[in-house]
Each structure stands twice: as C-alpha cells, then as structure tokens.
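Start at 1 and go down the list; that is how both ligands and their atoms are numbered.
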Amino acid sequence: PTRKKIGLIGAGNIGGELARLVANKELGDVVLFDIASKENFAKGKALDLEQNGSVLGYDASIRGTSNWDDLQGADVLIITAGVPRKPGQSRDDLVATNLPIIRDVASNAKRVCPDAFVIVISNPLDAMVYEYKRVVGAPKEKVVGMAGVLDSARMQLFLAREAGVSVKDVRTTVLGGHGDDMVPVLGYCTINGIPVGQVIAKEKLDAIVERTRKGGGEIVGLMGTSAYYAPATSAVAMAEAYLLDQKRLLPSAVYLDGEYGYKDIFMGVPVVIGGKGVEKIVQIDLTDDEKTMLAKSAKSVQSVIDVVKKSA
Ligand code: APR
C-alpha cells in the first residue's frame, strides 16, 4: 500500500508547522504548496523538514512546489493560503484580500483532487470555507473549517490555569462563527465531568469567556501576526480523525442544512469526524441565552457570506 498524500496549501507560518506535525506523526507524505514567487521558499522549508526526519526518524517525504499537478489525488488538503491579520484588524477585514485566493485554490483543487477531505484555516474562516465548497461543488461531508478545536483549546488553557488543574482534564465546547461573538457554552465545559461553574467563580468565568472570544486578537496584538502552533495542531487533530477513522467529536465549521435552525451557512457545531468525513452533526440543547448568542454570531457570519455571494 502507498502512503496517504497530504496537501498543504500555503507554506507560511501555519503551513510549515502543519508539515512538521504531519511528518512527525507519519500521517502521510506531504506536498507543501505555495505561489510561484514563493516556490523556493516552500522547497527550502520542505528540505529542512525532511532533514529534521533524519534526526527524529520519520521517513515521510516532504516536497515543496508551486505546481498544482503535484497535488493530484491528494487524500487531505489543509488550506492556509491567504494573508493573516495585523494588529487592529478583525478576521472579516481580510475578506477582500483572501476571497480571490480561496477561489484560486478551490478552482485548482477541483481539477486535481476533488475527492480530498478538506480543512480550511484561512480567514474569515466561515466565509472562506463556504466559498471553497461552493466553487468545488464538494459534498458537505468532505469540507470543514478549523476554528472550534482552537477556540476550545484556548478556553481549556484559561480554565485549567484558573482552576489550578491539568489542561488534560478540562473539556470545553465553543460554537458559532470564528469571530469575537463565538459562543463558548459553559454548561458543557467540565473538569473531568465536573461543571466548571462548581469550581470557578462566575466573574472569573465571564472574564475567561471574553478572553476566549478575543483569543486570536490577543496573540496578533503581541506578535504582529496571527498564531500558528495551536492552529496547526488543531487542524492536524481533525485530519488525523479522518485518516485514522477515529470518529472524534470535535467542534468544527460545517455546512448547516437546517441543523440548529440554520441553512446554507458554515458555522461551528459539534460533529463526529471519521473515515467518511463529517459523519454526524450533533445537536445539543442550548439555553435561551446561548441561542440568542448563536443567532448573533450567525448573523455576523451571514453578513460576510453575503459579501462573498454578491461578488460570485
Ligand atoms: N495559493 C497558495 N498559497 C498562497 C496563495 C495562493 N493563491 N496566496 C497566498 N498564499 C500563501 C502566501 O504566499 C503565504 O506563504 O499563503 C501563505 C500564508 O502564510 P502566512 O502569511 O505565514 O500566514 P499564516 O500565519 O500561515 O496564516 C494563513 O490562516 O489563520 C489564518 O488568518 C490566517 O488567513 C490566514 C491564514
């Protein structure tokens, strides 16, 4: 049997970290793609990462390219093509720049690997993944956006530090769009099954919810560009769930067709990812407050999708 082929579209900060993780876990061979003017950059990064394998002992091949033909038949695509945020920018501010980029990526992917399981990371996430699916015409099971795993990971860290417990014991769920009005659902946040409300005071929880919502911006403010380690790890968890048929329940941006009362929109909800892609959308009970917050988040996502649709 041959190894799986993992295409990484964008060889920048997240793309490089994705390649490192995929190779290290030996999930498959990596094709690290970037535009023609950055072809040598992609090739150099790929070579550095292959040499890394001589020390760590992985045999995955990692190839840099700017030729879409090298992505022929890819099993998984993880897309980070586009520009990241600068301090003061919202994710939505990136739409004009990143829209032509996602269209370029989607039209090429449609030609060379239409059956791939696709994870989009480029922002504004929910609109970019919506446009990718529209251009490729891919089934909704095969196209997801990475946001919820990252937003939940951020919240887990903040809760673990506040409670003085291991991050391993904290589980959280963050729903909605990948923007500042995302919906952390506190009722489902637990420390090994114990609701966080029994361990952490309400004011502290409110502050953690707020910090989670602005978690991406906090890092952009500090670094001058957006985060890349945790985003890459989050996307690889999703790719691994697909490649190894793990059937993990992960909050992911998926195409909603009536679930939670929303239609023709991508938004973060809990889903099961396995060998068939998105195998199930799990509908959880929400409080009236959470429903209102989800509606607000959906409205912001819809307004960006409308911009995208108008220019189609
Ligand atoms: N096809 C392929 N790659 C492209 C294209 C394209 N049409 N246009 C741009 N790129 C490449 C850039 O050349 C760059 O190398 O995408 C790469 C992006 O890398 P970085 O600038 O380092 O950005 P990164 O931090 O990886 O973030 C990428 O993910 O989280 C989001 O908001 C973030 O939208 C941004 C994306």
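No side-chain donor-acceptor contact under 3.5 Å links Glu17 and Asn13. Inspection of the Asp264 and Tyr130 side chains reveals an N or O donor paired with an N or O acceptor under 3.5 Å. Counted by atom type alone, Asp126 and His178 present zero donor-acceptor pairs between their side chains at under 3.5 Å. Side chain to side chain, Asp181 and Ser300 meet the donor-acceptor criterion of an N or O pair below 3.5 Å. Residues Ser234 and Arg154 bring no donor and acceptor atom of their side chains to less than 3.5 Å of each other. For Asn52 and Asp48, the side-chain atoms include no donor-acceptor pair closer than 3.5 Å.
The only member of Leu77, Thr80, Ile78, Ile102 that meets side-chain contact (heavy atoms from CB on, under 4.5 Å) when paired with Ile9 is Leu77.
Near Phe33, the atoms of ligand 1 lying under 4.0 angstrom from a non-hydrogen atom of the residue are 1 (N), 2 (C). Set against the non-hydrogen atoms of Lys38, the atoms of ligand 1 under 4.0 Å away are 13 (O), 14 (C), 15 (O). Within ligand 1, the atoms closer than 4.0 Å to a non-hydrogen atom of Val83 are 34 (O), 35 (C), numbered from 1 in the order shown. Here is the list of ligand 1 atoms found below 4.0 Å of a heavy atom in Asn98: 34 (O).
Assignment of Tyr228 to the shell around ligand 1 is not supported, since no heavy atom sits closer than 4.0 Å. Proximity of Ser122 to ligand 1 is established by a heavy-atom distance of less than 4.0 Å.
Between atom 27 (O) of ligand 1 and the options Val220, Ile14, Asn13, the minimum heavy-atom separation is to Ile14. The heavy atom nearest to atom 16 (O) of ligand 1, out of those in Gly12, Gly82, Ala11, Ala147, is found in Gly82. The nearest non-hydrogen atom to atom 23 (O) of ligand 1, considering only Ala36, Pro84, Ala81, comes from Pro84.
A salt bridge links Asp245 to Lys247: at least one charged side-chain nitrogen sits closer than 4.0 Å to a carboxylate oxygen. A salt bridge links Lys202 and Asp206; the closest N-O separation between the charged side-chain nitrogens and carboxylate oxygens is under 4.0 Å.
Proximity of Thr225 to ligand 1, defined as any heavy-atom pair under 4.0 Å, is not found for any part of the residue. Residue contacts with ligand 1, taken as heavy atom pairs separated by less than 4.0 Å, involve Asp104 solely via side-chain atoms from C-beta onward.
When only non-hydrogen protein atoms are considered, atom 32 (O) of ligand 1 lies nearest to Asn123 ND2, 3.0 Å. From the protein, the heavy atom lying nearest to atom 15 (O) of ligand 1 is Asp34 OD2, 2.6 Å. Shortest contact from atom 1 (N) of ligand 1 to any protein heavy atom: Ile35 CG2, 3.7 Å. Atom 28 (C) of ligand 1 has Thr80 O, 3.0 Å as its closest protein atom, hydrogens excluded (heavy atom only).
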(request) Any chance you could lay out the side chain to side chain contact (heavy atoms under 4.5 Å, CB included) test for Val308 and Asp306, step after step, and finish with the verdict? (result) CA-CA 5 Å; Val308 167; Asp306 286 343; over 6 Å; no
